[in-house]
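Structure first, commentary second.
What you see is a predicted model; the values in this text were computed from it and never measured. What you see below is based on every heavy atom in this structure, not just the backbone, and it leaves out hydrogens, waters and symmetry mates.
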Amino acid sequence: MQRYFVAAEQFDGSSVRLIGEDAFHAVRVMRMKPEEKFIASDGLSRVVLAAVREADSSEVVADIVEELPMDSESNWSVTIAQSLPKGDKMELVIQKGTEIGAYSFAPFQSERMIVQYDGKKEAKRLERWSKIAKEAAEQSHRCRVPAIEPVRSWRELKEAIPTFDLALFCYEREGDAAAGKGIRDAVLNWKKQAGDKAAEPKMLLIVGPEGGFTEREADEAEAAGAVIVGLGRRILRTETAGIVGLTCLMYEAGEMGGA
């Protein structure tokens with residue numbers, strides 16, 4: 001069943017409205033007619049089953065049939081901090097990360113970053129990324145759309161590390177493909193010390209660019225409180241690393257039959 005994320009003000013008592021691109025999609029693409037049903041969420045605290053009452057390409061008005069549980073979100077809030085990759089790789093990270101269960105995305109600049117960052121284009125880029133996250137959240141039946149944070153410097157990201165319950169720094173040292181402990185070891189060690197925080201942790205997964213992290217960056221991340229982890233014996237592309245790391249964390253959270 002089609003799912004749409006709408007602003008809270010589009011809920012009105014016992015009804016909900018689709019407007020703009022969502023209304024166009026419902027009428028022109030999905031061919032929705034009166035009495036057909038869809039799921040609507042405000043992305044915060046409400047998910048409903050609604051039946052179309054009136055529909056045209058500019059607005060769909062639907063009656064709320066049932067309040068649904070917000071049961072598709074993980075108790076583990078994982079932010080993927082991705083050093084800006086070249087081309088459209090960030091779009092892939094956001095799309096697949098949203099499907100798997102990422103809480104938010106924090107793009108940042110690092111020393112070996114290949115892409116030339118242009119701050120003047122940031123607003124347009126964030127708008128594009130947010131749209132991709134919304135579409136992926138709808139497709140995967142998420143209850144909320146992951147936030148896309150503004151691009152940070154390495155210093156800003158480093159200073160944010162202590163605000164997380166667990167920060168994992170994905171790093172493959174030159175000549176040592178299995179550098180650092182694995183994600184499972186890091187999570188198990190953290191759980192032993194976390195106590196009640198282990199139930200709903202706030203986690204950060206830090207992924208480097210195509211050129212990898214420098215030793216200085218790894219040392220600084222560790223000094224800030226991050227745990228250095230490896231992602232196996234094989235070298236992963238930057239757009240693959242975050243997806244693999246997030247999947248490991250969702251498994252440990254019990255989202256995929258693990259824990």
- Message: Measuring from atom OG of S77 to atom CG of L249, what distance do you get when rounded to the nearest 0.5 angstrom?
- Response: 11.5 Å

Any residue meeting side chain to side chain contact (heavy atoms under 4.5 Å, CB included) with [X], in chain and number order, not counting sequence neighbours:
X	result
A62	V16, F38, A50
R112	P209, T214
C248	I183, V244
E73	R142, C143, R144

- Please confirm whether the backbone N or O of M90 pairs with a side-chain atom of E239, one donor and one acceptor, at under 3.5 Å? no

- Quick one: which residue pairs count as a salt bridge (charged side-chain N to carboxylate O under 4.0 Å, His left out) with a foot in residues 23-51, not counting sequence neighbours? R46-E67

- Of all pairs that satisfy side-chain hydrogen bond (donor to acceptor under 3.5 Å, both in side chains), the ones with a partner from residues 93-106, not counting sequence neighbours: T79-S104

- Message: Under the side-chain hydrogen bond (donor to acceptor under 3.5 Å, both in side chains) definition, can you give me all pairs with a residue in residues 9-23, not counting sequence neighbours?
- Response: R17-E59, D22-K134

- Item | Qualifying residues under side-chain hydrogen bond (donor to acceptor under 3.5 Å, both in side chains), relative to T238, sequence neighbours excluded | Q82

Sequence neighbours left out, what pairs pass ring-ring contact (aromatic ring centres under 6.0 Å, His included) with at least one residue falling in [range]?
range	answer
residues 222-246	none
residues 62-90	none
residues 205-237	F169-F213

- Mind checking who shares a hydrophobic cluster with F5, ILVMFWY linked at side-chain heavy-atom distances under 4.5 Å? V145

